[in-house]
Engineer: 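What follows is a single structure, and I will ask about it in a moment.
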Amino acid sequence: MKRQLHLNLFIHSRGHHEASWRHPASSPLPLTDIRYYQDLARRAEAAHFDSIFLADQLALGDDVSRAARTWLEPVTVLAALAVSTSRIGLIATASTTYSEPFNLARQFGSLDHISDGRVGWNIVTSWLASAAANFGAAGQVSHADRYARGEEFMAVVKALWDSWAPDAVVDDRGGGVYASAERIRRIDHKGDCYQVAGPLNLPRCPQGRPVLVQAGSSDTGRRFAARHAEAVFTAHMEKATAQAFYADLKALVAAEGRAPDEVLILPGVSPMIASTEAEAGRLAREVNELSDPEVGRKRLSGRFGGHDFSQLPLDRPLAPQDFPAPASVEAARSRTEVILNLVRREQPTLRQLLATLAGARGHFTVAGTPEQIADLIEDWFTDGAADGFNIMPPLLPAMLDVFSAEVIPLLQRRGLFRTSYAGKTLREHYGLPWPKSVFEEVAQSRRVVRLTR
Ligand SMILES: Cc1cc2nc3c(=O)[nH]c(=O)nc-3n(C[C@H](O)[C@H](O)[C@H](O)COP(=O)(O)O)c2cc1C
């Protein structure tokens with residue numbers, strides 16, 4: 001079969017455009033109404049998307065008076081979506097810096113049971129300085145320390161998910177045996193950051209463990225992804241940087257001894273779609289006109305670790321010297337690089353830069369016809385830039401509906417995207433291997449020892 005595209009719906013606010021919440025085409029429901037998320041997940045499932053994804057941050061943005069900055073806690077939302085859908089994969093963000101591995105392994109393990117094997121975890125190290133202030137930290141944990149802690153966190157959660165053999169639950173009512181104690185074991189982890197005895201108080205989950213997703217693109221973030229991720233979200237404003245990222249990450253994955261196709265790379269794209277290019281452009285301008293430069297200025301400041309941009313005039317061309325050096329930023333380093341590349345390439349004014357970022361925060365934005373969007377997706381997919389896409393509709397649900405009704409059928413006709421679900425789990429949708437239980441590995445190595453005696 002021809003190589004297949006993977007599509008994830010990234011649900012964010014009433015759309016990814018910063019001003020989507022004000023636009024008449026976006027949902028009238030409050031962002032705290034679970035029916036909003038249920039409705040979107042069902043629409044995405046009807047269109048055969050692989051998965052939906054919820055991002056998260058552990059602090060309220062300081063622009064809430066003029067930007068829709070509230071959302072429900074994603075793990076809780078996934079529990080509701082797990083029982084309102086039956087096939088689509090469900091991915092939520094949770095932080096390694098501000099969670100305990102035991103709690104997180106238990107929550108995501110439970111979600112995998114509740115959804116019957118459809119859950120993924122977007123692993124983040126949390127880059128917002130304001131999040132640190134909500135967790136008793138005196139200052140922000142440094143970029144390097146966050147990833148070092150994340151590394152140990154991964155060892156613990158993987159061991160916890162592996163602490164039950166797949167057949168540990170016997171549930172023999174007649175014989176009075178609920179579980180085989182010898183098929184459940186402690187993990188006895190003692191490290192620099194965590195001491196966890198285990199085992200997990202939950203049987204092995206249907207997918208063995210949730211699908212591991214990651215979205216850090218700095219050098220450290222890429223090496224982390226190469227070791228742990230099974231899908232990677234990434235932000236690019238041009239195809240060339242997406243191709244370079246794709247080649248680099250696949251090489252790092254191979255260097256870790258993993259097969260490159262065991263890690264899917266899904267760049268973000270935020271398409272404004274209409275029957276003519278002119279109409280799509282007009283819609284994009286209409287939403288842009290609703291955006292507020294002061295909200296953009298604050299968001300930019302957050303991206304650059306709180307750097308003060310308030311004195312920068314809106315209408316003078318920008319230069320790299322107007323920004324702090326990316327290496328000095330303890331926040332999300334890779335996105336600062338994306339922004340600086342744009343400044344070097346196009347010398348936009350601050351007003352123009354903020355309008356570009358308002359579209360989808362530094363992801364690829366495009367306005368065009370369904371054919372143009374399908375061509376772009378096919379081009380990136382076949383030209384070494386993507387294994388699929390993180391679809392970020394600028395207006396929800398309006399642009400999701402147009403994408404599903406007009407673009408997906410073109411991709412299906414080209415043989416690039418499924419017309420029905422073949423499997424039931426997220427692992428099957430993504431074409432990922434099943435993690436082996438350590439109990440099977442031990443049993444296998446015992447068999448090998450016996451045979452060679
Ligand atoms: C599509 C996408 C979604 C992301 N979602 C989140 C999120 O929900 N929460 C978060 O703290 N960071 C999020 N990030 C940021 C990264 O996960 C990462 O923590 C950040 O880029 C810092 O790592 P880096 O310096 O290695 O890039 C996201 C990034 C991308 C590309």
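Whatever order the structure lists ligands and atoms in, that order sets their numbers, starting from 1.
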Engineer: Near Arg335, which atoms of ligand 1 are under 4.0 Å from a heavy atom of that residue?
Structural biologist: 29 (C), 30 (C), 31 (C)

Engineer: Please confirm whether Asp56 approaches ligand 1 to less than 4.0 Å, judged on its heavy atoms.
Structural biologist: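 Asp56: in contact with ligand 1 (<4.0 Å).
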
Engineer: Going by the atom numbers of ligand 1, which of them fall below 4.0 Å from some non-hydrogen atom of Thr93?
Structural biologist: 7 (C), 8 (O), 9 (N)

Engineer: Could you label the plane-to-plane angle of the Tyr421 and His48 rings as parallel, tilted or perpendicular, counting under 30° as parallel and over 60° as perpendicular?
Structural biologist: perpendicular

Engineer: Non-hydrogen atoms of Ser217 versus ligand 1: any pair closer than 4.0 Å?
Structural biologist: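 For ligand 1, residue contact (heavy atoms, under 4.0 Å) with Ser217 is present.
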
Engineer: Quick one: sort the His6 and Tyr430 rings into parallel, tilted or perpendicular, breaks at 30° and 60°.
Structural biologist: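 Perpendicular: the ring planes of His6 and Tyr430 meet at over 60°.
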
Engineer: Between Phe417 and Asp50, is the side-chain contact (heavy atoms from CB on, under 4.5 Å) condition met? List the steps.
Structural biologist: CA-CA 10 Å; Phe417 191 61; Asp50 293 67; 3.8 Å; yes

Engineer: Kindly determine whether Arg43 and Phe49 satisfy side-chain contact (heavy atoms from CB on, under 4.5 Å), including the steps that lead there.
Structural biologist: CA-CA 9 Å; Arg43 286 173 200 244; Phe49 273 75; over 6 Å; no

Engineer: Sequence neighbours left out, cut at 3.5 Å: what donor-acceptor pairs do the side chains of residues 253-262 make with other protein atoms?
Structural biologist:
unit_1, atom_1, unit_2, atom_2, d
Arg258, NH1, Ala226, O, 2.8
Arg258, NH1, Ala229, O, 3.0
Arg258, NH2, Ala229, O, 2.7

Engineer: Just heavy atoms, cut-off under 4.0 Å: does Gln214 contact ligand 1 by side chain, backbone, both, or neither?
Structural biologist: neither

Engineer: At a 4.0 Å threshold, what atoms of ligand 1 neighbour a non-hydrogen atom of His143?
Structural biologist: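 Checking each atom against His143, I get 24 (P), 25 (O), 26 (O).
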
Engineer: At a 4.0 Å threshold, what atoms of ligand 1 neighbour a non-hydrogen atom of Ser218?
Structural biologist: 24 (P), 25 (O), 26 (O), 27 (O)

Engineer: Stepwise, does the side-chain contact (heavy atoms from CB on, under 4.5 Å) test hold for His363 with Arg335?
Structural biologist: CA-CA 9 Å; His363 287 261; Arg335 204 70 63 85; 3.9 Å; yes

Engineer: Among residues two or more places apart or on two chains, list those pairs meeting side-chain hydrogen bond (donor to acceptor under 3.5 Å, both in side chains) that have a residue in residues 379-396.
Structural biologist: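 Qualifying pairs: Arg3-Asp387, Asn8-Asn390, Lys239-Asp379, Lys239-Asp383, Gln243-Asp383, Tyr246-Asp387, Lys250-Asp387.
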
Engineer: Minimum distance, heavy atoms only, to atom 28 (C) of ligand 1: which one of Ala215, Ala235, Ala131 is it?
Structural biologist: Ala215

Engineer: Measuring from the heavy atoms of His363, does anything fall under 4.0 Å of ligand 1?
Structural biologist: yes

Engineer: Hey, what's the ring geometry for His12 with Phe10, parallel, tilted or perpendicular (30° and 60° as the breaks)?
Structural biologist: perpendicular

Engineer: Just heavy atoms, cut-off under 4.0 Å: does Asn390 contact ligand 1 by side chain, backbone, both, or neither?
Structural biologist: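 Near ligand 1, Asn390 shows its side chain, while the N, CA, C and O stay back.
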
Engineer: Mark up the atoms of ligand 1 that fall under 4.0 Å of a heavy atom belonging to Tyr147, in ascending order.
Structural biologist: 23 (O), 24 (P), 26 (O)

